[in-house]
Amino acid sequence: MNLEQLVNFNLFNFFMIFARLGSAIMLLPGFGEAYVPQRVRLIFALMVSLVLMPMLADRLPAMPAAFDRFAGLLVLEIGIGIFFGMLTRLMLLGAQSAGSVIALQIGLASALVSDPTTQQQAAVTGNFLLALTVVLIFATGLDHMTLKGLVGTYGIFPPGIVPPLGDVANHASRIVADSFSVAIEMATPFLVYGIVFSVALGLLARLMPTLQVFFIAMPAQILAGLALMAVSVTAMMLFFLGSYEERMSVFLGG
């Protein structure tokens, strides 16, 4: 192998690895947030791809002679990276969905603030839980586990081989269902609280029809809801982190 062939071979390996890792990193929790500068994300993806290239080079297919074959391999790797990144993003959005349910139950559903992640208006409790989740993922080392899971995809989805699309779609739909299930389970205390509080207000309105229940109950509903959130936020975050770790461990066996 002469120098030109060696350079072309190394460039091929680098671009194959960067196609998957780079497209996934642009969506990973913490790394792919909208408030992280694009240049920083790009440099981080390039550095990770360069560091992992010696470890992953033996898993890559042979360098094709035709450009269309090379382009097809890149598109396939980009698709796998986007798939993994979207899975982590869907799991992360479970915390924001739980915050939206909580806001509805404690009377803060109309208190919307700008979400720096999605660049849209969202409930203040949802943004709080989303930001707290990202911080805890990095504080507990789950960001390392996420990167290890990304590397583990090379064992589950070998480069150059089209993955079974039926299994991919089934797993994606299951992650969506699990994300919503986790959100409901995190917000369960507030669902019970909302039902009890609404029933109590209905009984109070029947007993005292002239009482302005809304003006009296709204401050109490918000205050009690925030107190319940202060008590239960630790358990909610531990439950979410455990769920995130369980679903991410699927990729570690690759």
Original post:
If we ignore angles and hydrogens, is there a donor and acceptor under 3.5 Å between the side chains of Glu185 and Ser181?
Top reply: yes
Original post:
Do Thr146 and Tyr244 get their side chains close enough for a donor-acceptor pair, meaning under 3.5 Å?
Top reply: yes
Give me the atom names and distance for the closest heavy-atom approach of [X] to [Y].
X      : Y      : result
Leu74  : Ala19  : CD2-CB, 3.9 Å
Phe128 : Val233 : CE2-CG2, 4.3 Å
Leu27  : Arg89  : O-NH2, 2.9 Å
Leu50  : Phe14  : N-CE1, 3.9 Å
Ala45  : Gly22  : CB-CA, 3.8 Å
Ala187 : Val101 : CB-CG1, 3.7 Å

Interatomic spacing from [atom1] in [X] to [atom2] in [Y] - rounded to 0.5 Å:
X      : Y      : atom1 : atom2 : result
Ile78  : Leu73  : CD1   : CG    : 11.0 Å
Arg20  : Ile80  : CZ    : CD1   : 4.0 Å
Phe240 : Leu142 : CZ    : CG    : 9.5 Å
Gln38  : Ile43  : CD    : CD1   : 12.0 Å
Leu52  : Met47  : CG    : CE    : 11.0 Å
Leu201 : Met218 : CG    : CE    : 9.0 Å

**OP:** Determine, using ring centers only, whether Phe251 and Tyr154 are less than 6.0 Å apart.
**Re:** no
**OP:** Decide yes or no on side chain to side chain contact (heavy atoms under 4.5 Å, CB included) for Met186 and Ile102, but give the supporting numbers first.
**Re:** CA-CA 9 Å; Met186 290 174 62; Ile102 292 172; over 6 Å; no
Is [Y] reachable from [X] through a run of hydrophobic residues whose side-chain heavy atoms are each under 4.5 Å from the next?
X      : Y      : result
Leu252 : Met91  : yes
Leu28  : Val40  : yes
Val135 : Ile137 : no

Original post:
Crowded around Phe15 CZ? As in, over 12 foreign heavy atoms under 6.0 Å?
Top reply: no
Are any non-hydrogen side-chain atoms of [X] and [Y] less than 4.5 angstrom apart?
X      : Y      : answer
Phe157 : Phe84  : no
Pro163 : Leu76  : yes
Leu129 : Met237 : yes
Thr88  : Met248 : yes
Asp178 : Arg174 : yes
Met229 : Pro189 : no
Val151 : Leu147 : no
Leu87  : His171 : yes

Donor-acceptor under 3.5 Å ([X] side chain, [Y] main chain):
X      : Y      : answer
Ser173 : Ala169 : yes
Glu33  : Gly30  : yes
Tyr193 : Thr188 : no

Original post:
Can you check side chain to side chain contact (heavy atoms under 4.5 Å, CB included) on Val176 and Leu90, steps first, answer last?
Top reply: CA-CA 6 Å; Val176 173; Leu90 289 172; 3.7 Å; yes
Original post:
Testing Val48, Val51, Leu46 for side-chain contact (heavy atoms from CB on, under 4.5 Å) with Leu21, which one passes?
Top reply: Val48
**OP:** Anything under 30° is parallel, anything over 60° is perpendicular, the rest tilted; go ahead and classify Phe31 against Phe44.
**Re:** parallel
Original post:
Partners of Arg41 by salt bridge (charged side-chain N to carboxylate O under 4.0 Å, His left out), sequence neighbours excluded?
Top reply: none
